[in-house]
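Quick note: numbers below take in every heavy atom, side chains included, and nothing from hydrogens, waters or symmetry partners. Every chain is numbered from 1, with letters handed out A, B, ... down the list of sequences.
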Amino acid sequence: MSEPIVQLSNVTKRIGNRTIIDHLTLDLHPGEVYGFLGPNGSGKTTTIRMMVGLMKLTEGQITIKGHSITNSFEKAIRQVGAIVENPEMYKYMSGYKNLIHYARMVPGITRQRIDEVVKLVGLQGRIHDKVKTYSLGMRQRLGVAQAIMHKPSLLILDEPTNGLDPVGIRELRDYLRHLAKSEGITVFVSSHLLTEMELMCDRVAIIQNGKLIDERVIHQDGPAKDAVSRYRFEVDRPAEALELLAQHSAVVTQDGIELDTDRETAAWINAQLVSAGIKVYGFRLHLKTLEEQFLEVTGGETVG
Amino acid sequence: MGNFVELVRNENMKIYSRLRTWIMMGIMLVVMLAASIVVLSIGDEVKSMWTILLNEVMAGTSLVAIFTVIVAADSVAGEFSSGTIKLLLIRPWSRSKILLSKYVSLLQFALFFLAVLFVWTYIWNGVFFGFSSGSLQELTNEQSTGSVWGYVLSGLGLQYVSMVLTTITISFLLSTVFRSGGLSIGLSLFLMFMSDTLAGLMSLIDKPWKDYFWFMQSNLTQYLNNAPDVTHDRTILFSLSVLIVYYIVFMFITWWQFTRRDITS
């Protein structure tokens, strides 16, 4: 795997006696879409604020392309485009003037680049209207425009699908994956929409109470063939089936049994059940959604 | 990295894109014009355009001070209350430079308004009462020679210096410390109006330490050459020194607060 582009090592934030982020360590690689999941108040936004230098670290270090956000802020932040919480803009100015404002702050952004970005986020028709007349979705698009205008290596988006309609969400998802895959930009997204994250991310980290409790790879093409997964068998006599499969630690569910096994064994179990005279109405691979996994590791705490 | 002038251009764009700024400008222009028309319609004998102009300009500077306080108090706090501070500070610029660009734009704002004030009153009073070169005597009630232009412009200059050293800087400080537009505008205006009253009260005290408060020294026009009712017993250098010491302290607190604190809005 390539050198990490962003490294968080032992990042800790304490305010008074409260520890908000507790020794968080993450590595982000070029071209990956990294999801950051956690219940409300778990420290997602605080982490993002520290990554962009809005908050100071109590302990630990954050480096972006080798530049420390604390010691060489200007070099590190040059690589970053971000929306922190809501995309708040100057409402009394037009969308275009807002973009000019941010473009002036980074050398080398031409008018053509601004027009290009405007077209990319689909705001050409309304860009010269004042931002106060924009819908939340349009503000979100303008927020994305200012974040990608200077071609950052790291794009940080805090709840990017907030306020977008299903078409907008789909577009954004496709666009983010495109940015990551074809331009090698690392995208760091926090979200509550777990199903969204599942479709968008390569890896997700789950944090709770400021601690990293899980980090996992999302297989976009489903699990490998020899991987052990959960299988569900729909049968007419679950109790008998359970007895038959005593060594497989199966459990009885509503309409059958469930157990963890691989693909080959599952087919073999099916044959066993049938030859024992148990009717098998169907059996299928049951993939846990990220949501189930999330609830599992966070102990079922309510999610936004 | 980058050009600082661009930052100041940004701040100016934000100030002059707001309707508020042009309403303030409109109020100033209308009030000044109305004052000249009132004098004209009363029909009293007017020595020259300069007497009216001087009065209007001195009254107008207070108006400019109020407007500058509003803009200055909102300058940093406004970014916090609208949440735009988060997008502003994640650019390749240090917080100190962003703060400085805001401060520079405020100094320019006050200067711009004072310049418009002078040009506007000059034009209309010239039209109503006849353009004249005037004499210093009619302004100062003293036997004196010298340029009327020099007198009026140095009066404006002193007002500007005093505004920069106290009013603008104090509202900028409050804006940064409180991060709330309403509170800092209110408090800044309160301090501005109270400082004259306080200065009046303090002058009754017969102790030498009374001279070391900034509001005792903020009226620099008292040192105008040949100014009427000269009662000062200190020099302009003394006043400036006192003001500059306060200025350094105010600026330091502002900078320290802006660069050190976490952004949680």
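For the pair B:Trp93 and A:Phe73, the tightest heavy-atom approach, listed with the atom from each and the gap, is O-CE2, 3.5 Å. Here the shortest heavy-atom pairing between A:Tyr92 and B:Lys14 reads CE1-O, 3.4 Å. Pairing each heavy atom of A:Gly53 with each of B:Arg95, the nearest pair is O-NH2, 3.2 Å.
Remark: B:Trp120 CH2 is packed, more than 12 non-hydrogen atoms of other residues, nucleotides or ligands lying under 6.0 Å away. Taking a 6.0 Å sphere around OH of B:Tyr16, one finds it holds more than 12 heavy atoms contributed by other residues, nucleotides or ligands.
Residue contact with chain A, scored on non-hydrogen atoms closer than 4.5 Å, involves the side chain of B:Ile98 exclusively. Proximity to chain B (any heavy atom under 4.5 Å) is shown, for A:Gln79, by neither the backbone nor the side chain. For B:Leu89, the parts sitting under 4.5 Å from any heavy atom of chain A are the backbone and the side chain alike.
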Stepwise side-chain contact (heavy atoms from CB on, under 4.5 Å) test for B:Leu88 and A:Tyr90:
CA-CA 11 Å; B:Leu88 183 67; A:Tyr90 301 101; 4.0 Å; yes
Test side-chain contact (heavy atoms from CB on, under 4.5 Å) applied to A:Lys13 and B:Asp262, step by step:
CA-CA 11 Å; A:Lys13 179 73 185 177; B:Asp262 281 347; 2.6 Å; yes
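Residues A:Val80 and B:Ile90 form no side-chain contact, since every pair of their non-hydrogen atoms from C-beta on lies 4.5 Å or further apart. Two residues are said to be in side-chain contact when any heavy atoms from C-beta on lie closer than 4.5 Å; B:Thr84 and A:His101 fail this criterion.
In this structure, the separation between NZ on A:Lys97 and OG on B:Ser17 is 3.0 Å, given to the nearest 0.5 Å. For the atom pair CD1 (A:Ile100) and CD (B:Glu6), the distance works out to 10.0 Å, reported to the nearest 0.5 Å. Summarising the geometry, atom OG1 belonging to B:Thr264 is positioned 10.0 Å from atom CG belonging to A:Leu54; distances are rounded to the nearest 0.5 Å.
The pair A:Asp158-B:Lys86 fails the salt-bridge criterion, with no side-chain N (NZ, NE, NH1 or NH2) lying under 4.0 Å from an Asp/Glu carboxylate O.
When the candidates B:Leu7, B:Leu87, B:Ile85, B:Leu19 are compared by the number of heavy-atom contacts under 4.5 Å with chain A, B:Leu87 comes out ahead. In terms of heavy-atom pairs under 4.5 Å with chain B, the best-connected choice from A:Met50, A:His150, A:Met55 is A:Met55. Ranked by non-hydrogen atom pairs under 4.5 Å with chain B, the options A:Lys56, A:Glu88, A:Met93, A:Glu85 are led by A:Glu88.
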Taking distance alone, no hydrogens or angles, what donor-acceptor pairs closer than 3.5 Å link side-chain atoms of residues 103-112 of chain A to residues at least two apart or in another chain?
unit_1: A:Arg104; atom_1: NH1; unit_2: B:Asn10; atom_2: OD1; d: 3.1
unit_1: A:Thr110; atom_1: OG1; unit_2: A:Arg113; atom_2: N; d: 3.2

